[in-house]
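None of the values given here were measured: they were computed from a predicted structure. Numbers restart at 1 for each chain; the letters A, B, ... are given by sequence-line order, proteins then strands.
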Amino acid sequence: MRAHASHDAAKCQAGHGHPERLRRLRPEAPQTGHEQNQTACHEISCKPRLHRQREPEADPGAKKDRHPGKQDTPRIGHRPRQPPQDAPAHRHLVSGPPLAYQMPNASAPMVSERLSRMTGHVVTRFAPSPTGYLHIGGGRTALFNWLFARGRGGKFLLRIEDTDRERSTPEATAAILRGLEWLGLDWDGDVISQFERRDRHAEVAHAMLARGTAYKCFSTREEIEAFRAEAEAKGSYAVFQSPWRDADPATYPDRPFAIRMKAPREGETVIDDQVQGRVVIKNETLDDMIVLRSDGTPTYMLAVVVDDHDMGVTHVIRGDDHLVNAARQQMIYDAMDWSVPVWAHIPLIHGPDGKKLSKRHGALGVEEYQVMGYPAAGMRNYLTRLGWAHGDAEFFTSEQAMEWFDLKGIGRAPARLDFKKLENLCGQHIAASDDAALLHELEAYLAVANLPALSEHQRGLMLAGMSSLKERAKTFPELLEKARYILTTRPVARDEAAEKALDPVSRGILASLTPRLRNASWTKEDLEAILTGTAAEHGLGFGKLAAPLRAALAGRTVSPSVYDMMLVIGQDETIARLEDAAA
RNA sequence: GGCCCGUUCGUCUAUCGGUCAGGACAUCAGGUUUUCAACCUGAAGAGAGGGGUUCAAUUCCCCUACGGGCUACCA
């Protein structure tokens, strides 16, 4: 149980999960890529070895066959019913006739080809493990996958890596789906449960056995630990080498065995990563990992590969804590003669202090940001920009992000969360929002923040005042503060500063104002004439009159424009509040 | 310990050997103003350190330092 705690955070960020056992998915649209990024690979291999270069975005591909599995999938949840306000409508794919699982090398189904073309050959996925809330880093990983797929007419799938039965909970799965829905990241098809696919994983492990790319290992945990202890004692750290790798089946004992990958011991495995460049891992540093445990359950390494392959995933975009794992996984793809997906390992997000993001940095869960009142569009913009750039573009809509998002724009260094910038962007998005849509999102915020809902009357006023309110708020709590003049009722509660602004002289002026307001036509022009006129008569600048007016109308010295407030709450209410204050 | 990844203003980043190293947020100073927000102008602010390669390095290579990851019958 070493280093477990720290492990978890990274895991969540990576949007990856624990694998272990499962079964099948039900792609409604089987994929069958046929291209390969050979060109890219080619160019690369010609480059000097250490000269790391980003490749042009490779086309996913399937150099061999790519066939999806198909079955009824255990559905964990449905995609959000409403696409985000600024997201394109969902693309529904026609589902072809059910396809049975096929063993490697089976010819690709026609349906797959057609659908592949329709979807631009791009299929991404987000694969969180349901052991808690949706981590902010995981949210960004999901966002990148979503943007990449949606921007290319591809598919964005969701798989829950719930193979760790001890730690996986339905509540966590629900929380993750809620987080994604709030962020506006809609996925295609049903949510896939990795656990449900465990039989298929085992099937592949046995297929590897049959192909001779895996072997039965009868070594016990004790033996392995002893091996390691001995190595450590000698100061070396050699990877475990099972004595059963090339053992004669005739010598197999009658006891449980694990299935281990027969990994190449020489040479190197090259990961062509779209973010990290060309990464070379020496095979001698990788062991013969176990793909199927002695109890018959699959390990994570196997499960991800099988699922990604069956789901037709073309681009694996995940946390860079999986970079080395990619080499191991690539060995499994090779062992099964499956085409390797395009890799893109993105750096994790760090806290403001540059350290790994942890609880002490405050908000970790995506839902916490929702409760803090950040609008989803602002979150998407900020998170997209965190670690990715498109020239000098800072403020943009999700449509633009989809159009611009690419793998080569992703940075290689971990980024830190900057709440100030988040707020600034959120403020811009709030200001740019449609009034009605904003009110709708505000009401959703009230619900999750456990605040009282708006009455019909309040909704009407809020809608009327929204155009001026939205220009001065960065978050929903701020918006509500500015809207206090609407949400409050007489007698208007005043804070200290407001009380101070209502000195005897000011009260007198307000009192003299009300008769004139009674005869006003209640247009901005008319009110302007009355107020500036009154201020002038008292030898005051308009600012001097505005202060007590704010105090009377909003109970604060900080508020929206006095004209906006008067026009929104109306003549009667305005006069009543002024009389209250003048009294 | 081994292997892998990373390191440009405080922060997010641009730059694909030759730039006054650009933008944004934040900060500071002015301006505007009906408070706040917004807005306008200006200022300050960066290539971790050291070696190479090159006519020329932020950019290519190496080393060091500092972060991070992997090294499980965890995910």
Side-chain angles (χ1 to χ4, degrees), chain A residues 1-2 4 7-8 10-12 14 16-20 48 50-51 53-54 127 129 131 161 163-164 167 217 219-221 224 228 232 235-240 256 258-260 271 273 276-277 279-282 284-287 289-295 297 299-301 303-304 319-325 327-328 345 347-348 350 352 354-356 382 385-395 411-418 420-425 427 431 471-474 478 481-482 497 501 531 541-547 549-550 556-563:
Chain A
M1 67 182 281
R2 57 204 204 204
H4 242 108
H7 238 82
D8 286 352
K11 206 175 295 177
C12 293
H16 226 109
H18 325 148
E20 222 184 71
L50 284 167
H51 185 156
Q53 289 229 296
R54 306 280 211 98
S129 60
T131 55
E161 309 223 319
T163 57
D164 185 329
R167 302 195 296 152
C217 174
S219 295
T220 63
R221 279 172 202 260
I224 297 172
R228 271 197 261 273
E232 222 160 306
S236 71
Y237 288 78
V239 297
F240 175 68
I259 295 182
R260 297 187 100 107
I271 297 299
D273 196 277
Q276 309 292 344
V279 180
V280 180
I281 311 279
K282 284 187 270 306
E284 61 190 32
T285 66
L286 269 21
D287 64 353
M289 68 197 148
I290 288 178
V291 291
L292 199 70
R293 300 190 182 89
S294 49
D295 65 356
T297 60
T299 59
Y300 162 77
M301 290 302 170
V304 226
D320 69 6
D321 50 335
H322 285 290
L323 183 54
V324 177
N325 285 339
R328 294 187 160 77
H345 289 91
L348 304 181
H350 282 185
K355 297 292 184 184
K356 207 158 69 167
Y382 178 70
R385 191 63 187 64
L386 191 62
W388 173 82
H390 178 72
D392 288 337
E394 298 285 352
F395 171 77
R412 309 124 300 252
R416 309 182 190 195
L417 246 19
D418 179 353
K420 288 293 189 187
K421 187 151 186 178
L422 204 210
E423 282 182 14
N424 177 280
L425 281 173
E471 286 177 6
R472 54 194 81 222
K474 298 189 176 90
E478 271 187 39
E481 175 55 31
K482 307 291 185 190
L531 295 188
F542 178 66
K544 293 293 183 196
L545 175 57
L549 274 172
R550 288 177 204 293
R556 296 284 125 104
T557 50
V558 173
S559 77
S561 150
V562 294
Y563 299 114

Applying the Watson-Crick and G-U wobble criteria at under 3.5 Å, what pairs with B:rA21? Answer none if nothing qualifies.
none
Of the nucleotides B:rU13, B:rC73, B:rA26, which one has an atom closest to the side chain of A:I224?
B:rC73
Please confirm whether the backbone N or O of A:I290 pairs with a side-chain atom of A:T299, one donor and one acceptor, at under 3.5 Å?
yes
If only atom types and distance count, is the side chain of A:D273 paired as donor or acceptor with the main-chain N or O of A:H345 below 3.5 Å?
yes
Judged by atom type as modelled, is there a donor-acceptor pair below 3.5 Å linking the side chain of A:R472 to the main-chain atoms of A:G427?
no
Polar side-chain contact A:S559-B:rC36 base: donor and acceptor under 3.5 Å:
no
Identify the nucleotide, in any strand shown, that forms a Watson-Crick or G-U wobble pair with B:rG42, with both distances under 3.5 Å; if there is none, say none.
B:rC28
What's the separation between atom CG in A:D418 and atom OH in A:Y382, rounded to the nearest 0.5 Å?
5.0 Å
Quick check for you: to the nearest 0.5 Å, what is the distance between A:F240 atom CZ and A:D287 atom CG?
9.0 Å
State whether the side chain of A:T285 and the backbone N or O of A:K282 hold a donor-acceptor pair below 3.5 Å, judged by distance alone.
yes
Suppose we call a contact any N or O donor and acceptor under 3.5 Å apart; does that hold for the side chain of A:K421 and the base of B:rA24?
yes
Given atom CD of A:E284 and atom P of B:rC3, what is their separation to the nearest angstrom?
9 Å
Categorize A:G541 for me: base, sugar-phosphate, or nothing, with a 4.0 angstrom heavy-atom threshold over every strand shown.
nothing
With a 4.5 Å cut-off on side-chain heavy atoms, are A:L417 and A:L386 touching?
yes
For B:rG22 versus B:rU59, give the span between their C1' atoms, rounded off to a whole number of Å.
16 Å
Looking at B:rC73, B:rU35, B:rC70, which one has an atom nearest to any side-chain atom of A:N325?
B:rC70
N or O in side chain of A:R228 less than 4.0 angstrom from B:rC73 OP1/OP2:
yes
Can you check the distance between B:rU27 and B:rC4, where both ends of the measurement are the P atom (answer in whole Å)?
43 Å
Base, sugar-phosphate, or nothing: which does A:A415 touch, judged by heavy atoms less than 4.0 Å apart?
sugar-phosphate
Considering only B:rC12, B:rG6, B:rA26, which nucleotide approaches the side chain of A:N424 most closely?
B:rA26
What nucleotide among B:rG69, B:rU7, B:rG23 has an atom nearest to a side-chain atom of A:R385?
B:rG23
Could you tell me the separation between the CG atom of A:D320 and the P atom of B:rU7, rounded to a whole number of Å?
11 Å
Categorize A:R416 for me: base, sugar-phosphate, or nothing, with a 4.0 angstrom heavy-atom threshold over every strand shown.
sugar-phosphate
When the C1' atoms of B:rC3 and B:rC12 are compared, how many Å lie between them, rounded to an integer?
31 Å
Given B:rU13, B:rG22, B:rC70, identify the nucleotide with an atom nearest to the side chain of A:D392.
B:rG22
Nearest of B:rC73, B:rC4, B:rG23 to any side-chain atom of A:E394?
B:rG23
Candidates B:rU11, B:rA37, B:rG6 - which lies nearest the side chain of A:D418:
B:rU11
Let me spell it out: for each of A:P560 and A:Y382, pick the nucleotide of RNA chain B with the closest heavy atom. Which residue's pick is nearer the 5' end?
A:Y382
From the list B:rC3, B:rC70, B:rC36, which nucleotide is the closest neighbour of the side chain of A:V558?
B:rC36
Identify the nucleotide, in any strand shown, that forms a Watson-Crick or G-U wobble pair with B:rC16, with both distances under 3.5 Å; if there is none, say none.
none
Just the rounded figure in Å: distance from P of B:rC12 to CZ of A:F395.
22 Å
Separation of B:rG6 C1' from A:D273 CG (nearest whole Å)
13 Å
For atom P, what is the distance between B:rA57 and B:rA21, given to the nearest Å?
14 Å
Close side-chain approach of A:R550 and A:V558, heavy atoms under 4.5 Å:
no
May I ask you to say what A:I290 touches in the nucleic acid, namely base, sugar-phosphate or nothing, with a heavy-atom cut-off under 4.0 Å?
base
What interatomic distance, in whole Å, is found between P of B:rA56 and the corresponding atom of B:rA14?
28 Å
Mate of B:rG67 across any strand shown (Watson-Crick or G-U wobble, both atom pairs under 3.5 Å) is B:rC5
Residue mapping more 5' on RNA chain B - nearest nucleotide basis, A:R260 or A:I281:
A:I281
How far, in whole Å, is B:rC70 from B:rC63 if one measures between their C1' atoms?
23 Å
Taking B:rA44 as the reference, what is the distance to B:rC20 when you measure between their C1' atoms (whole Å, please)?
16 Å
Measure from CG on A:L286 to P on B:rC3 and round the result to the nearest Å.
13 Å
A:L425 CG to B:rG23 P, straight-line distance once rounded to whole Å
18 Å
Closest to the A:A258 side chain, choosing from B:rC25, B:rC36, B:rC73
B:rC73
Between C1' of B:rA37 and CD of A:E481, the distance in whole Å:
13 Å
Heavy atoms under 4.0 Å, any strand shown: does A:K482 hit a base, just sugar-phosphate, or nothing?
base
Indicate, with a heavy-atom threshold strictly under 4.0 Å, whether A:R556 touches base, sugar-phosphate, or nothing.
nothing
Can you measure from CD1 (A:I281) to CZ (A:R328) and round to the nearest 0.5 angstrom?
8.5 Å
In whole Å, what separates the P atom of B:rU32 from that of B:rG45?
27 Å
Checking contacts here: which listed nucleotide (B:rG69, B:rC4, B:rA37) is nearest the side-chain heavy atoms of A:D321?
B:rG69
Complementary nucleotide for B:rU54 - Watson-Crick or wobble, under 3.5 Å:
none
How long is the line joining NE2 of A:H390 and C1' of B:rC12, in whole Å?
16 Å
